[in-house]
Amino acid sequence: GESVGLHLPTLSVQEGDNSIINCAYSNSASDYFIWYKQESGKGPQFIIDIRSNMDKRQGQRVTVLLNKTVKHLSLQIAATQPGDSAVYFCAETRNSGNTPLVFGKGTRLSVIA
Amino acid sequence: IAGITQAPTSQILAAGRRMTLRCTQDMRHNAMYWYRQDLGLGLRLIHYSNTAGTTGKGEVPDGYSVSRANTDDFPLTLASAVPSQTSVYFCASSAGTKLGQFFGPGTRLTVL
């Protein structure tokens with residue numbers, strides 16, 4: 001069935017290295033995607049979004065890549081820092097119109113100092 | 001108020017009791033949402049409201065009700081709490097349904 005999922009539930013990265021967090025979606029009608037960061041004890045925090053008419057979008061130290069052919073979304077974090085340690089969620093809208101976002105289950109990123 | 005606030009921060013509740021979780025935003029966002037977050041299940045949408053005066057059901061609406069009398073407030077009510085409703089509840093808002101959502105700090109609810 002339709003799903004928003006993540007390839008890896010946990011990811012450990014050395015401080016200073018780049019991190020790549022992946023997300024797969026199954027509905028080709030999905031046209032808007034968001035990455036969120038959630039630190040322990042806090043609510044999710046918006047990081048970056050991308051629409052389906054784009055393949056790549058860059059923010060501060062973060063890049064989101066969208067591959068519509070294979071229905072794959074990734075979040076790249078450059079020069080990972082201890083403060084990047086958190087759970088990262090991807091989210092999508094599955095249809096046009098006013099359909100709320102659907103979240104994946106999350107990937108925990110641990111930064112090793 | 002700056003952003004979204006939720007109250008209470010945490011609550012322990014006896015099964016069968018009625019409970020209302022409060023959510024207020026001051027960003028004049030049209031859309032508001034309630035999620036529950038459980039370990040291993042991620043964020044699941046309970047109810048949403050695209051604009052004041054309208055509400056819709058999310059993925060897990062049973063046992064919950066909402067109202068949206070105005071733009072700023074979106075309370076979530078558990079009419080008769082059950083232990084399976086033990087969770088962390090997050091309220092969120094967005095300027096539109098195609099825009100990023102801003103989340104509140106959450107309410108940790110324990111139903112005994």
Side-chain angles (χ1 to χ4, degrees), chain A residues 1-10 21 23-25 27 29-54 57 59 62 64 73 75 86-108, chain B residues 2-7 9-10 21 23 25 27 29-61 66 68 74 87-108:
Chain A
E2 297 178 354
S3 66
V4 176
L6 294 166
H7 294 310
L8 296 173
T10 60
I21 302 171
C23 181
Y25 63 97
N27 189 337
S30 296
D31 58 2
Y32 180 56
F33 306 86
I34 304 178
W35 281 101
Y36 285 88
K37 172 186 180 182
Q38 187 176 23
E39 297 174 277
S40 181
K42 297 183 179 179
Q45 177 185 6
F46 174 92
I47 301 173
I48 192 168
D49 61 359
I50 189 168
R51 300 189 184 278
S52 59
N53 60 352
M54 302 173 68
R57 191 165 187 220
V62 296
V64 56
L73 187 72
L75 177 70
V87 176
Y88 290 81
F89 295 94
C90 65
E92 62 166 335
T93 56
R94 297 188 170 185
N95 298 291
S96 298
N98 293 326
T99 304
L101 293 170
V102 176
F103 286 78
K105 291 182 172 49
T107 293
R108 180 174 299 281
Chain B
I4 300 179
T5 59
Q6 292 184 236
T9 301
S10 65
L21 308 184
C23 176
Q25 53 100 2
M27 297 176 282
H29 282 171
N30 286 323
M32 297 186 74
Y33 314 84
W34 274 106
Y35 294 89
R36 60 178 289 173
Q37 186 173 38
D38 303 289
L39 190 63
L41 296 176
L43 286 157
R44 293 184 292 169
L45 182 66
I46 304 172
H47 284 287
Y48 65 94
S49 170
N50 288 332
T51 189
T54 69
T55 61
K57 293 182 179 181
E59 180 185 357
V60 288
V66 292
R68 187 85 185 280
F74 191 43
S87 187
V88 180
Y89 291 85
F90 288 102
C91 179
S93 72
S94 63
T97 55
K98 288 294 193 178
L99 299 173
Q101 296 179 16
F102 293 85
F103 282 78
T107 294
R108 182 175 295 277

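For the numbers below, each heavy atom of this structure counts, side chains included, while hydrogens, waters and symmetry mates do not. Residue numbering restarts at 1 for every chain, and letters A, B, ... go by the order of the sequence lines.
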query = Hey, are the side chains of B:Gln37 and A:Phe103 touching, using non-hydrogen atoms and a 4.5 Å cut-off?
reply = no

key: B:Arg108, CZ: over 12 other non-hydrogen atoms inside 6.0 angstrom   = no

ask   = At a heavy-atom separation under 4.5 Å, does B:Leu45 approach chain A through its side chain, its backbone, both, or neither?
value = side chain

ask   = B:Tyr48 side chain to A:Leu101 main-chain N or O, any donor-acceptor pair under 3.5 Å?
value = no

message = Counting only non-hydrogen atoms closer than 4.5 Å, does A:Gln45 touch chain B with its backbone (N, CA, C, O), its side chain (CB onward), both, or neither?
response = neither

remark   = Correct closest heavy-atom pair for A:Gln38 and B:Phe90 would be NE2-CZ, 3.4 Å

